[in-house]
Structure formats: C-alpha cells, structure tokens
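I have placed the structure first, in the form of structure tokens, so that the comments after it can refer back to it.
Model, not experiment: these values are computed from the prediction. Computation of the quantities below employed the complete heavy-atom set of this structure, encompassing side-chain atoms and omitting hydrogens, waters and symmetry-equivalent molecules. Lettering follows sequence order; numbering is per chain, from 1.
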There are 2 protein chains.
Amino acid sequence: MTMGNIAGHAARSGDAAADQGAKKRLFLAAETLIAEEGFEAVSSRNITARAGVNLAAINYHYGSKTALLLDIFQTRAAELNRERTTLLRAALVGEPPSPRAILRALIEPPTLWISDARRTALRFLNRARSEGPAEIRAMIRDDVRHLRRFVEALEQALPHLDRAEIVWRLHFSLGVLHHNSAADYQRLALLSDGLCTPEDREALLGRLLDFVAAGFGA
Amino acid sequence: MTMGNIAGHAARSGDAAADQGAKKRLFLAAETLIAEEGFEAVSSRNITARAGVNLAAINYHYGSKTALLLDIFQTRAAELNRERTTLLRAALVGEPPSPRAILRALIEPPTLWISDARRTALRFLNRARSEGPAEIRAMIRDDVRHLRRFVEALEQALPHLDRAEIVWRLHFSLGVLHHNSAADYQRLALLSDGLCTPEDREALLGRLLDFVAAGFGA
DNA sequence: GTCTATACAATGATAGAC
DNA sequence: GTCTATCATTGTATAGAC
C-alpha cells in the first residue's frame, strides 16, 4: 500500500468523504467503478472524472493506470490474507489440528465479504483474477507465500498424505473458491432456474467446506 | 461457426496450408497467436500480418475483431462439447448410470486436449475464460445448454440428492475444472517446488476425478 | 509538491476507391 | 474482395501554472 499521507491540505476541512486527498480519491473511485462495471469498461478518463481530478493525476500519483490498479489489488489482498492468517493461527492450536478448521480459514473470509461493507473490495479482487491487467494476474500467479502456510498446516493435519497430494488438492480447492465472480453465480442461477444463489452466506460457506473437505477425505 | 465455404479461389492451388482462403487464415492466425501470447498482446495488426492479409480484412470477413474471436471460441467449444456428449451418452447406458462415468465425460476431453494436436485450441479456450473480451465471457456465462444434460444425468445417477444439491456440486466441479490455465499450473508448480505438474494426463485425470467424485460422495 | 492543459502514439473500426 | 486513408478513443508523457 503506497498511499502514505492521505491527509494533506484536506485535513483542515470538515468534510469527510468528498474532501480527501486526490490520491485516495483516485484509489476509491477506481475500486468502486471497476467493482461495478469491470476492468475493460473503466478508462483513465472515467476514473479521474469520478474522483474529480485531472486526467494526469493517475500518472502523477501512481506512475500509470496499471500501477494504481495493482496498488488497489495488493491493499485488498493483504487485508483478506490478514484475516485468513488470524483464523489459521486459531485453527493450529489443536493437536493434531482439524483439517476442516484449516480449510475454513481459507474459505470463510472471502465468503463473508460477499455481503459486507467489503463487498466492493471483494468484487474488485474477483474481477482482477479474470479481467485484470497482465501485471495483476502475474502477481496472483507468482506470489504464493500466503498459500505455503496452508500447505504446512494441512501437512500437520493430514500426516498420511504426502506433500504432492496436499498441494494438488489445495490447487483444486482454490479452483472451487475462485469460481466466485458475479458471472459465475449468474451462470449458476441460470443453470438451476434460480434455485441456487449465494445469498445465504452461512449456507454457502457450509456447502463450500463440505465439498472441499470431502476432496481431502476429511 | 460461420466460416462456410473456406475453399474459394484457393481450391485451384496445390499448396495446402499456406494458400487457404483469407477468412480461414485469419481464424488460424488469431487462434495460434492468442494461444501463444494471450488476448491482450495480440492486436488486429498482428493477426492480419501473420495471416498475410490487409488490416481491414478482419472487419470485412467477421465484422469486428471481437466477432472473429467469438467465432473461434464457439467453434472450439462446440468441438469440445461434442466429445463430451459422446462420452455422456455412453455413460448413460448403465441403470442406474455411474456418477463417476458422468463426471469423466465432463472432465476427460479437456484433460486429453492438453498434450494433443488440440493443445492450441484448448489454450485459446482457457485464455478466453479469463482474458477474453466481455462478449465471449457473456457467452460462457449465458449458454448453459450443454451443462443441463449433465445435471439431468447426475439426477439419474444420484437420486438421493435433490436438484439444488446437484447443481451446487456441479458448480464447484466446474471451478475445479476451469482452474486450468497455464498461469494456474505455473502457480501450482511454484507452490509445490516443481513437484506437481500436469504432464501425466492420465494421472491428472485420475486426480481430478477423485477430487470431484468425492465432492459428490461418489 | 500538486495540479492543469495539451500533445502523442497506438488501437479497433469504417467509408469509399478500385 | 481488397486496400488506402481516416476516425474516435485509449493510456501516457510533459511543460508550465500555482
């Protein structure tokens, strides 16, 4: 997260949301617009217009449009993974730890964000995975640090499975978890004639956990 | 597939590959370039240069760049779903049919295409899902006809599960199946320190089937 | 340091000559 | 059917005002 001092001269103003620094306004405008309309539909001119700043502001504050989007992605992904790490730590107090609790630490945070104040952030993250610029997708592809912790935890919880087995099944689980965009759910609703919707967060979390845990034989 | 008569005046020539109609040359050039370098890296000027035709040929033959890409997608997806339908029919002769055979009909064709002559087509399809233009992703989202056959088959094979259960688990299975791009496998290799690769098609198919069938309790 | 106005190269699309 | 020329829109870069 590169947005260091967001106060600036706006600190003297009493207005809260509308009168932030231009840099943070760009951050929030881009996140909201892209969460709602998608990466391809949002141009630099859209973003700067919504933020109420000049076209050149993106380049001045972030260097490029892609760098702005990457900053948004990294910020929100870090927040998500922080929540996961907290739950994972709690799951590891058992001896041996419960595989279901470990998988829950992976799955619960994004599932709860669906109908949260974090809904916009989650939509941005989901869209980034499929529609985002190559630089973001490269970062998703290459940064696996947060996943290594889950591999290690699952090795402890499932000592009868070797490392390759665990990584394969985690790979499959991530497929399930990431099949999560608005388009994916629209397809699900269509296929089920409206029977299946992600509205009930707890029920969705339960279904996800059941399916993935079954894949681990747990 | 809109490429009706691909012969044209080239039919009188003895040369096979290089001297096809401009329309088919555009089709193959675009498919190959995008399979290798991705949707974003390939411009109309790249495609027409590789096909040896004028820049305006895409618009003349297909109406737009997106229409060309959509045509490639529909053609290859239809071929893939034809293979699936054949396997599904064979799986349905049993009474009751085997859920594993039904899931195999869904999973086997794309898995075998990985190291086939169809490798390029599969890469195009996989990239289309994540990098493709909005029109292609809308078609993926809205066309579920081929999936309805699988829902019906699984209802027969698993009569103790209601329709909603089946559709949810099919949705999760599609997540597993679509987590299949070059980037996904690169991430898998990175996370496993090179331990897990999709090289052995039969082993991969077995792993996929085991994981997904477990999710159906089968 | 921050912001504005403006210019620039590249893209997909298209009209019209041949 | 094919090609040339041209168009609007995109992300980016920079000069200069405050």
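A side-chain donor-acceptor contact under 3.5 Å links Glu131(A) to the backbone of Phe39(A). Side-chain atoms of Asn46(A) come within 3.5 Å of backbone atoms of Ser43(A) as a donor-acceptor pair (strictly under, hydrogens ignored). Panel note: side chain Asp184(A), backbone Ser181(A); a donor-acceptor pair is recorded below 3.5 Å. At least one donor-acceptor pair closer than 3.5 Å links the side chain of Arg169(A) to the backbone N or O of Gly215(A). Distance alone, capped at 3.5 Å, places no donor-acceptor pair between the Arg141(A) side chain and the Arg187(B) backbone.
Ring orientation note: the planes of His178(A) and His179(B) are nearly perpendicular, at an angle over 60° on the 30°/60° scale.
Within the nucleic acid shown, Ala57(B) has no heavy atom closer than 4.0 Å to any nucleic acid atom.
Looking only at side-chain heavy atoms (C-beta outward), Pro109(B) and Arg118(B) stay at 4.5 Å or farther from each other.
At its two ends the helix from dG1(C)-dC18(D) to dC18(C)-dG1(D) runs along axes set 10° apart, each axis drawn from five pairs and the angle rounded to 10°.
At most 12 non-hydrogen atoms from other residues, nucleotides or ligands lie less than 6.0 angstrom from CZ of Arg89(B).
Between His61(A) and the phosphate of dG1(C), there is no side-chain N or O to OP1/OP2 separation shorter than 4.0 Å.
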ask   = Could you run down nucleotides 13-18 of chain C 5' to 3' and tag each one B, S or - for protein heavy-atom contact under 4.0 Å?
value = BB----
